[in-house]
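Before any comments, here is the structure.
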Amino acid sequence: MYKEKILNLLRLSRTAYFSGEELARKTGVSRTMVWKHIKSLERDGFGIEAMPSQGYRITFEPDILRQNDIKQGLKTKVVGREIHLFPETASTNTLAMEMASQGAAEGTVVIAELQTGGKGRLGRKWISPKGNLYLSVILRPNIPMHKAPIITLMGAVAVTSAIRNLCNVRVAIKWPNDILIANRKVSGLLTEMSAEQDRIRHLVLGIGVDVNMEQDSLPPDLRPLVTTLAAEAGTKINRTELLREILRQLDCWYRAFLNNTADVLREWEKLNMTVGSRIAVSGAGETLEGLAQGIDEEGRLIVLRDDGSTRHVAAGDVTIVKGKK
Ligand code: BTN
């Protein structure tokens, strides 16, 4: 807590020096403790210049996520009530599922700087080096099970809106919940659920966003298919600000979802690039081609086939054959 107070004071100016005495007086700790906290900030990666007879100032801020920075000005009602931040974990989804089964509160968020066993949709891996965002949110909605897929669409709406609000890039959703920039994936969502009969015990919404990682941290075969926000925006992105905006958008859209799922579906349609395109959707051993007409009230993709019949697809991989006009 004192360390955070000292950091907040130092952040007030990048040019002025704060004397040890001033920092001690304003935070209510001894000068020796101020010095210890400064050393600890340096160990966290901060560059701090100590100028004899003048004091301290920050010369460099590391690109790390910090609990206090995330919470600053967050003001969410449900999402982010509790935040658990880890330097590394196998999968934030796995961890969040464990925490949920042990009773963690709705809105608890689990974040990691890197994942060693990140999970993607359809049993795939999610390569998770440092520099990106990996988070999972525990939710306990009182809804019938067939509405659960809309939660993932809701997540895609929230993440897309957050990216649009903060980064100067053209993101859109590809059904069901891939977030793309010019046909290259920049974010994905994976929902896992624990349920009994038709009741959801808890659900974990996992989000991965490729933000600042180096392209060569990916295997060569993935590189043409994946991009990062930094590469597209042409500048490094502040991950803390983006994370905070994602949590705010999730908080707002989750409450909208509980109130009226139709609002979420309507927003998803505004932000998506699939509807109106000619697509091929593969899954469950078959590939189906046709015109993506829309999504139904359960979030399934409605495909109009060339023979005039329609199919409602619940899961699969979409390839855009011809974009909408
Ligand atoms: C996809 O295949 O598009 C879904 C990717 C979901 C990745 C995120 S990263 C945070 C959370 N933890 C995981 O293991 N997976 C999700």
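Computed from a predicted structure; not experimentally measured. Note that ligands are numbered from 1 as they come in the structure, with each ligand's atoms numbered from 1 the same way.
- Contact annotation for Leu135 and ligand 1: only backbone heavy atoms (N, CA, C, O) come within less than 4.0 Å of the ligand.
- Judged purely by atom type and a 3.5 angstrom limit, Asn132 uses its side chain to pair as donor or acceptor with the backbone of Met213.
- Here Asn177 has no heavy atoms under 4.0 Å from ligand 1, in either its backbone or its side chain.
- Residue Phe18 holds its CZ atom at 11.0 Å from CZ of Arg57, rounded to the nearest 0.5 Å.
- Proximity of a side-chain donor or acceptor of Arg66 to a complementary backbone N or O of Thr240 within less than 3.5 Å is not detected.
- Put simply, the side chain of Glu113 never gets that close to the backbone of Ile64: no donor and acceptor are under 3.5 Å apart.
- Contacts of Leu189 with ligand 1, taken as heavy-atom pairs under 4.0 Å, involve the backbone alone.
- Close to ligand 1: Gln115, with a non-hydrogen atom less than 4.0 angstrom away.
- At a heavy-atom cutoff of 4.0 Å, ligand 1 is contacted by the side chain of Lys185 but not by its backbone.
- Taking a cut-off of under 4.0 Å to the non-hydrogen atoms of Gly118, the atoms of ligand 1 that pass are 14 (O).
- The heavy atom nearest to atom 1 (C) of ligand 1, considering only Met97, Lys119, Arg121, is found in Arg121.
- Contact annotation for Ser136 and ligand 1: only side-chain heavy atoms (C-beta onward) come within less than 4.0 Å of the ligand.
- Taking every heavy atom of Thr92 and a limit of under 4.0 angstrom, the matching atoms of ligand 1 come to 10 (C), 11 (C), 12 (N).
- Nearest to atom 5 (C) of ligand 1 among the protein's heavy atoms is Trp126 CE3, 3.3 Å.
- Within 6.0 Å of the CD atom in Glu22, the count of heavy atoms belonging to other residues, nucleotides or ligands exceeds 12.
- Between Asp317 and Arg124 there is a salt bridge, since a side-chain N of the basic residue sits under 4.0 Å from a carboxylate O of the acidic one.
- Between the side chain of Asn212 and the backbone N or O of Ile237 there is at least one donor-acceptor pair closer than 3.5 Å.
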